[in-house]
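For ligands, and for the atoms within them, numbers begin at 1 and follow the listed sequence. The structure presented is a predicted model; accordingly, all values stated were derived computationally and were not measured. In what follows, every heavy atom counts, from backbone to side chain, and hydrogens, waters and symmetry copies are set aside.
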Amino acid sequence: MTVSQWGIRVPARKGEEMRQALIREGALDASLRVLRDGESLILPVLENRESAEWCEFEAHPDREPLPRHELVGGIAIMQEKDPEGAEKLLASRPSLHTVVFARGEVSGEYRTREFTVLAGMPTTRTEITEHGHRFAVDFAGAYFSARLSTERQRILAKVQRGETILDMFAGVGPFAITLAKAASLVVASDLNPKAIGLMLENVAQNRIKNVLPMLADARRLGGILPWKFDRIVMNLPLAGTEFLPEAFLLCRPGGTIHFYSLVSQEGEHAARIRELGGEILAERVVRSYSPGQWHAVYDIEVKNE
Ligand code: SAM
């Protein structure tokens with residue numbers, strides 16, 4: 001039985017020391033086996049943290065096998081509707097308060113999913129720790145993906161101190177709050193009122209002073225915002241190039257746009273980006289989506305006035 005979970009990679013000789021430290025912190029996921037990968041060991045942890053990677057672990061042979069699931073904060077998400085398995089899962093980890101079954105895929109304008117609660121508290125709301133920030137999320141009300149944490153750190157590493165940033169599809173604010181560390185101002189906009197409500201909570205609980213949450217349709221931002229930004233994040237992968245003209249309008253010459261898109265071939269949006277006056281600095285695969293389709297990110301430099 002394999003389980004997807006966050007893991008911390010350490011050199012094999014440091015494995016036992018790290019395992020003991022994680023046990024002391026209550027962070028080790030003791031239901032899963034430690035993975036060996038060449039000279040490294042990967043230790044399963046209950047929550048995402050600095051330098052964690054998403055891995056497939058084997059369930060521990062001494063423990064009763066648990067049904068396949070994904071852990072996000074205090075919620076376990078199962079792909080099968082198995083109430084008995086859900087009860088076992090709930091009993092297996094003190095950190096879990098709810099086990100849900102995902103009834104469908106992420107869908108609709110707000111990019112949310114429908115869930116049935118199988119065990120525990122009747123809620124889809126939980127708290128997630130990511131690189132020192134705590135995010136309140138509600139999976140049924142607003143989009144959140146813990147798997148984008150590496151991407152958030154990658155972009156943070158590119159931000160120059162004092163930049164102004166616009167997050168056009170900000171959700172509950174994970175990119176905005178992460179990037180606020182280096183920026184002078186992050187305008188974080190979303191169309192979903194529930195996402196903006198959670199973002200306000202997240203800004204307050206992380207004591208962030210330079211994120212401006214905004215309930216707005218990204219199509220209208222050019223008419224509302226009086227500034228040109230140094231950097232723009234566009235994380236609405238299914239929208240294709242529809243919102244790119246608005247982003248080019250709002251980005252200063254020499255500024256950067258990080259454009260996420262679902263693609264089925266490399267360079268799919270290259271011609272459109274050049275036509276709008278952009279130079280592609282990099283195109284990377286973020287994650288696979290379906291056979292022959294993947295989420296890509298284009299880092300674009302805006303060249304035109
Ligand atoms: N960036 C966030 C994150 O990483 O968690 C959320 C990304 S989610 C894939 C896309 C977000 O875009 C959703 O929260 C959705 O409500 C929002 N959205 C969809 N259409 C929009 C529009 N026209 N204007 C503004 N936001 C929109």
* Could you walk me through whether Arg252 and Asp230 pass side-chain contact (heavy atoms from CB on, under 4.5 Å), step by step? => CA-CA 6 Å; Arg252 70 161 171 85; Asp230 296 311; 2.5 Å; yes
* Derivation of the salt bridge (Lys or Arg N to Asp or Glu O under 4.0 Å) call for Glu58 and Arg33 -> CA-CA 6 Å; Glu58 285 295 321; Arg33 289 180 66 155; over 6 Å; no
* Asked: Do Arg284 and Glu151 pass the salt bridge (Lys or Arg N to Asp or Glu O under 4.0 Å) test, and can you show the C-alpha distance, the side-chain angles, and the key distance before you say yes or no?
  -> CA-CA 11 Å; Arg284 301 175 58 250; Glu151 207 32 44; 3.0 Å; yes
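Near Phe175, with a cut-off below 4.0 Å to any heavy atom, the atoms of ligand 1 are 1 (N), 4 (O). Listed by atom number, the atoms of ligand 1 under 4.0 Å from Asn192 heavy atoms are 16 (O). Within the listing of ligand 1, atoms 4 (O) sit less than 4.0 angstrom from a heavy atom of Leu148. Shown in contact with Arg219 at under 4.0 Å from a heavy atom are these atoms of ligand 1, numbered in order with element: 23 (N). Near Phe243, with a cut-off below 4.0 Å to any heavy atom, the atoms of ligand 1 are 23 (N).
The nearest protein atom to atom 4 (O) of ligand 1, hydrogens excluded, is given as Asn235 OD1, 3.0 Å; this is a heavy-atom distance. Counting only heavy atoms of the protein, atom 24 (N) of ligand 1 lies nearest to Ala218 N, 2.8 Å. Scanning the protein heavy atoms around atom 21 (C) of ligand 1, the nearest turns out to be Leu191 CD2, 3.7 Å. Distance from atom 27 (C) of ligand 1 to its nearest protein heavy atom, with residue and atom name: Phe169 CD2, 3.5 Å. The closest protein non-hydrogen atom to atom 19 (C) of ligand 1 is Glu109 O, 3.1 Å. Residue, atom and distance of the protein heavy atom nearest to atom 23 (N) of ligand 1 are Asp217 OD1, 3.0 Å.
Within the structure, ligand 1 has Ala216 among the residues with a heavy atom less than 4.0 angstrom away. Ligand 1 does not have Tyr260 within reach: every non-hydrogen atom of the residue lies 4.0 Å or more from it. Judged by the shortest distance from any of its heavy atoms, Ala170 lies inside the 4.0 Å radius around the atoms of ligand 1.
Contact annotation: for Arg152 versus ligand 1, heavy atoms closer than 4.0 Å belong to the side chain alone. Looking at Met168 against ligand 1, only its backbone comes within 4.0 Å, counting heavy atoms.
Side-chain atoms of Arg36 come within 3.5 Å of backbone N or O of Gly38 as a donor-acceptor pair.
A salt bridge does not link Asp138 to Lys194: none of the charged side-chain nitrogens sits closer than 4.0 Å to a carboxylate oxygen. By the 4.0 Å N-to-carboxylate-O rule, Arg219 lies close enough to Glu242 to be salt-bridged with it.
Side-chain atoms of Ser261 and His269 form a donor-acceptor pair, as typed in the model, at a separation below 3.5 Å.
Both Val159 and Val186 sit in one connected hydrophobic cluster of ILVMFWY residues. Membership requires side-chain heavy atoms under 4.5 Å apart, directly or through other members.
Aromatic ring pairs are classed by plane angle as parallel below 30°, tilted from 30° to 60° and perpendicular above 60°; the pair Phe175 and Tyr260 is tilted.
The closest non-hydrogen atom to atom 13 (C) of ligand 1, taken over Leu236, Asp190, Thr178, comes from Asp190. The residue from Gly141, Pro174, Gly171 that puts a heavy atom closest to atom 5 (O) of ligand 1 is Pro174.
Between Tyr143 and Phe169, the distance from one ring center to the other does not fall under 6.0 angstrom.
No more than 12 heavy atoms of other residues, nucleotides or ligands sit less than 6.0 Å from atom CD of Glu114.
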